[in-house]
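Counting convention: from 1, in listed order, for ligands and their atoms alike. Heads up: numbering here begins at 1 and tracks the sequence.
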Amino acid sequence: MITSPNDFVPARNGALDEQWDVVVIGGGNAALVSALSARDHGARVLLLERAPRVFRGGNSRHTRNIRCVHDYTDAYYTGRYPYDELWTDLGGVGTGPSNEALAALTVRESETVPRWMTDHGVRWQPALTGTLALARTNRFFLGGGKALMNGYYRAAERAGIVILYEASVERLGFTGDACTEIVVRVAQGRRRVRAKAVVCASGGFEANIDWLRRYWGDAALNYHVRGPRYNDGTVLAQLLDAGAERAGEERGFHAIAVDARSPKFDGGIATRLDTIPFGIVVNRDGRRFYDEGEDIWPKRYAIWGRNIAVQPDQIAYSLWDSKVHGLFLPPMYGVSAARSISELASRFDLDPLAVEETVARYNAAVDRGPGGRFTMAERDGLSTVGLDPPKSNWAQRIDRPPFYGVAMRPGITFTYLGVAVTEQSHVRRQDGGVFHNVFAAGEIMSGNILSTGYLAGFGMTIGTVWGRIAGREAARHARG
Ligand SMILES: Cc1cc2nc3c(=O)[nH]c(=O)nc-3n(C[C@H](O)[C@H](O)[C@H](O)COP(=O)(O)OP(=O)(O)OC[C@H]3O[C@@H](n4cnc5c(N)ncnc54)[C@H](O)[C@@H]3O)c2cc1C
């Protein structure tokens with residue numbers, strides 16, 4: 001917040017004192033795509049990234065792939081993925097798209113995204129293998145999200161886009177329906193930046209634990225944030241305070257199960273746990289609480305953060321036996337091993353009797369279930385009978401020592417509550433109009449598309465599709 005006008009430092013060098021065509025706020029995928037797109041459409045662009053150069057790239061630098069419609073097979077896609085199938089997949093997660101027209105536009109526009117990315121320097125690699133089988137539907141960036149972002153930054157520099165790091169936007173000033181002032185904190189102090197058009201691509205508010213507490217209470221204190229601490233929603237809050245219409249659910253977020261030993265922030269991709277469908281999950285009381293085999297893992301991994309978030313103390317334990325050990329990516333901090341279930345329970349300070357009873361009841365329900373071949377490639381129908389909650393697939397007895405386990409916490413990837421936009425990515429106002437020179441792309445507007453669920457690889461789709469639109473429209477606006 002501005003404390004005094006004297007806080008503002010006088011002009012000393014070019015970038016912050018010019019009148020820019022387009023100022024892009026943020027430094028992740030949506031921001032870089034917006035900046036490149038605005039530049040392609042003839043605008044002079046300034047990009048303000050809050051992070052230092054070494055940590056540039058937001059959540060996007062942790063990513064690996066993007067999900068797009070395609071009707072071909074090549075060295076990177078193992079098969080076709082038509083519009084109807086992606087649309088159906090999107091409709092099948094959570095309560096379906098928030099705004100059908102904008103979601104349909106996103107899916108439709110995704111088809112031209114890989115070509116656009118290639119044209120802007122992105123290189124590809126064959127799909128990584130592992131528990132999330134995405135080789136047909138998703139395209140993998142060569143070297144992952146860090147390489148992707150480095151490539152985009154290089155392309156931006158080559159295109160003449162001016163980039164400022166450690167430039168944190170603190171306030172947006174409005175006159176009527178126009179943003180007339182961007183207040184940014186840089187090393188020298190606070191500065192006012194002027195732009196004909198502004199693209200807000202500063203992510204969600206997942207790193208703002210106090211904001212999460214408004215909707216989740218003290219449970220939020222136990223959440224881990226998978227990406228950097230910079231996405232605290234400052235710009236989103238400014239837009240909402242200025243009268244922007246909300247999109248998305250307050251408690252909507254993408255959250256997975258992460259290793260409870262992960263760092264509080266920025267653990268990235270490596271702290272994810274993929275052990276859940278191989279065994280059972282118990283809570284602090286040693287009780288199961290959700291079907292671990294409800295569907296194949298790519299369709300279910302993203303519900304486990306929420307599942308754990310609503311358990312006592314927001315902690316849960318994934319347990320399995322030696323039959324399946326080694327069939328999944330190993331947890332990066334190692335696992336606890338024990339000769340008996342009660343010994344394993346003690347390792348986690350769980351009540352050994354409660355966990356033994358849970359495992360015994362589960363094993364008995366497996367015995368009553370159908371026999372068959374255990375296979376992770378598909379729903380194998382190996383289910384429990386008479387157990388609540390059931391385990392619908394991959395149910396095998398937990399009976400072969402050593403027994404293994406790992407403690408899990410909710411790991412928040414990004415939040416969905418954001419600003420409503422038009423098809424031109426204009427930020428909508430509560431009074432039915434728009435902020436005529438303010439555009440939004442990426443996580444900050446993902447609530448227009450995502451309600452409660454998530455489809456792997458679609459975060460980057462949203463950022464790229466809407467970054468292209470926002471950059472183009474901002475440039476058009478600036479040209480008048
Ligand atoms: C570990 C992990 C793995 C993921 N893997 C995938 C994947 O493989 N595929 C996929 O589709 N999605 C994936 N996601 C989700 C994906 O990262 C997001 O959907 C996507 O990166 C959002 O892009 P964005 O540009 O909107 O936000 P971000 O990339 O988070 O960028 C936000 C930017 O805004 C900057 N910023 C914030 N506040 C300010 C401010 N006040 N002033 C200036 N700058 C500010 C931040 O520093 C950051 O640079 C993953 C996320 C995580 C955390």
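The two atoms that bring Phe141 and Ile66 nearest to each other are CE2-CG2, 3.8 Å, heavy atoms only.
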(request) List the steps, then state whether side-chain contact (heavy atoms from CB on, under 4.5 Å) holds for Val22 with Val198. (result) CA-CA 6 Å; Val22 176; Val198 185; over 6 Å; no
(message) Using side-chain contact (heavy atoms from CB on, under 4.5 Å), reason through Phe414 and Asn231 one step at a time and then give a plain yes or no.
(response) CA-CA 9 Å; Phe414 63 93; Asn231 289 1; over 6 Å; no
(request) Begin from the C-alpha positions of Trp211 and Trp216 and carry the test side-chain contact (heavy atoms from CB on, under 4.5 Å) through to its verdict. (result) CA-CA 9 Å; Trp211 194 338; Trp216 293 92; over 6 Å; no
(request) Take Asn59 and Thr413, measure what side chain to side chain donor-acceptor pair (under 3.5 Å) needs, and give me the verdict at the end. (result) CA-CA 8 Å; Asn59 277 340; Thr413 318; over 6 Å; no
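Looking at ligand 1, you won't find any N or O of Thr461 less than 3.5 Å from one of its N or O atoms. The distance criterion of under 3.5 Å between nitrogen or oxygen atoms is met by Ala30 with respect to ligand 1. Polar contact check, Gly27 against ligand 1: a nitrogen or oxygen pair lies under 3.5 Å apart. For Gly457, a nitrogen or oxygen atom sits less than 3.5 Å from a nitrogen or oxygen atom of ligand 1, counting backbone and side chain alike. On a distance-only criterion, Glu443 and ligand 1 share at least one N/O pair closer than 3.5 Å. Taking any N or O of Met460, backbone or side chain, at least one lies under 3.5 Å from an N or O belonging to ligand 1. Remark: ligand 1 and Arg50 share an N or O pair separated by less than 3.5 Å (distance only, no angle test). Every N/O-N/O distance between Thr234 and ligand 1 stays at or above 3.5 Å. In terms of N/O distances under 3.5 Å, ligand 1 is not approached by Arg226. Remark: ligand 1 and Asp232 share no N or O pair separated by less than 3.5 Å (distance only, no angle test).
Within ligand 1, the atoms closer than 4.0 Å to a non-hydrogen atom of Gly459 are 11 (O), 19 (O), numbered from 1 in the order shown. Of all atoms in ligand 1, listed by their number and element, those nearer than 4.0 Å to a heavy atom of Thr413 are 50 (C), 51 (C), 52 (C), 53 (C). Remark: ligand 1 atoms within the under-4.0 Å shell around heavy atoms of Tyr230 are 37 (C), 38 (N), 47 (O). Set against the non-hydrogen atoms of Gly442, the atoms of ligand 1 under 4.0 Å away are 26 (O). The Leu48 neighbourhood of ligand 1 comprises atoms 43 (C), 44 (N), with distances under 4.0 Å to a heavy atom of that residue. In the vicinity of Gly268, heavy-atom distances shorter than 4.0 Å reach the ligand 1 atoms 1 (C). Each of the atoms 41 (N) of ligand 1 lies under 4.0 Å from some heavy atom of Val235.
Under a 4.0 Å heavy-atom criterion, Tyr454 is in contact with ligand 1. Heavy-atom distances between Gly57 and ligand 1 reach below 4.0 Å in at least one pair. Ala201 counts as a contact of ligand 1, since one of its heavy atoms falls under 4.0 Å from the ligand. Note on ligand 1: Ile269 sits in its first shell, one or more heavy atoms being nearer than 4.0 Å. Residue Ala167 places a heavy atom under 4.0 Å from ligand 1.
Ring pair His70/Tyr81 is tilted by interplanar angle, where 30° to 60° counts as tilted. Classification of the Trp116-His120 ring pair by plane angle, with boundaries at 30° and 60°, yields parallel. Ring planes of Phe174 and Phe435: tilted class, angle from 30 to 60°.
The option with the heavy atom closest to atom 13 (C) of ligand 1, from among Thr63, Leu32, Ile256, is Thr63. Counting only non-hydrogen atoms, the option in Gly145, Ser60, Gly28 that gets closest to atom 23 (O) of ligand 1 is Ser60. Heavy-atom proximity to atom 40 (C) of ligand 1, evaluated over Ile412, Val169, Ile182, is greatest for Val169.
Using a 4.0 Å cut-off between charged side-chain N and carboxylate O, Glu170 and Arg50 make no salt bridge. Classification of Arg194 and Glu18 as a salt-bridged pair fails, no side-chain N sitting under 4.0 Å from a carboxylate O. We find that Asp266 and Arg226 are not joined by a salt bridge, their nearest charged nitrogen and carboxylate oxygen being 4.0 Å or further apart. In this structure, Arg154 does not pair ionically with Glu157, as no charged nitrogen and carboxylate oxygen lie closer than 4.0 Å. In summary, Arg213 and Asp218 engage in a salt bridge, as defined by a charged side-chain N under 4.0 Å from a carboxylate O.
For atom 2 (C) of ligand 1, the closest non-hydrogen atom of the protein is His62 CB, 3.5 Å. If you check which protein heavy atom lies closest to atom 8 (O) of ligand 1, you get Arg64 N, 2.9 Å. Nearest protein neighbour of atom 15 (C) of ligand 1, counting heavy atoms only, is Phe414 CE2, 3.8 Å. Protein heavy atom nearest atom 37 (C) of ligand 1, with residue, atom name and distance: Ser202 O, 3.3 Å. The shortest contact between atom 9 (N) of ligand 1 and any protein heavy atom is with Asn65 O, 2.8 Å. Nearest protein heavy-atom neighbour of atom 35 (C) of ligand 1: Glu49 OE1, 3.4 Å. Considering only non-hydrogen protein atoms, atom 32 (C) of ligand 1 sits nearest to Asn231 OD1, 3.6 Å. Of the protein's non-hydrogen atoms, Asn59 N, 3.5 Å is the one closest to atom 28 (P) of ligand 1.
Side chain to side chain, His426 and Asn437 fail the donor-acceptor criterion of an N or O pair below 3.5 Å. Looking only at atom types and distance, the side chain of Thr461 has no donor-acceptor partner in the side chain of Ser110 under 3.5 Å away. Looking at Tyr223 and Arg409, their side chains never bring a donor and an acceptor atom within 3.5 Å of each other. A donor-acceptor contact closer than 3.5 angstrom is absent between the side chains of Asp232 and Asn208. Trp466 and Thr106 form a side-chain donor-acceptor contact under 3.5 Å, judged by distance and modelled atom types alone.
Only the backbone of Phe458 comes within 4.0 Å of ligand 1, counting heavy atoms alone; no side-chain atom from C-beta on gets that close. The residue Ile462 has no part lying near ligand 1, judged by heavy-atom distances below 4.0 Å.
Side chains of Leu32 and Tyr153 form a contact here, defined as non-hydrogen atoms less than 4.5 Å apart.
For the side-chain contact (heavy atoms from CB on, under 4.5 Å) criterion with Arg39, the lone passing option out of Ile161, Asp21, Leu47 is Ile161.
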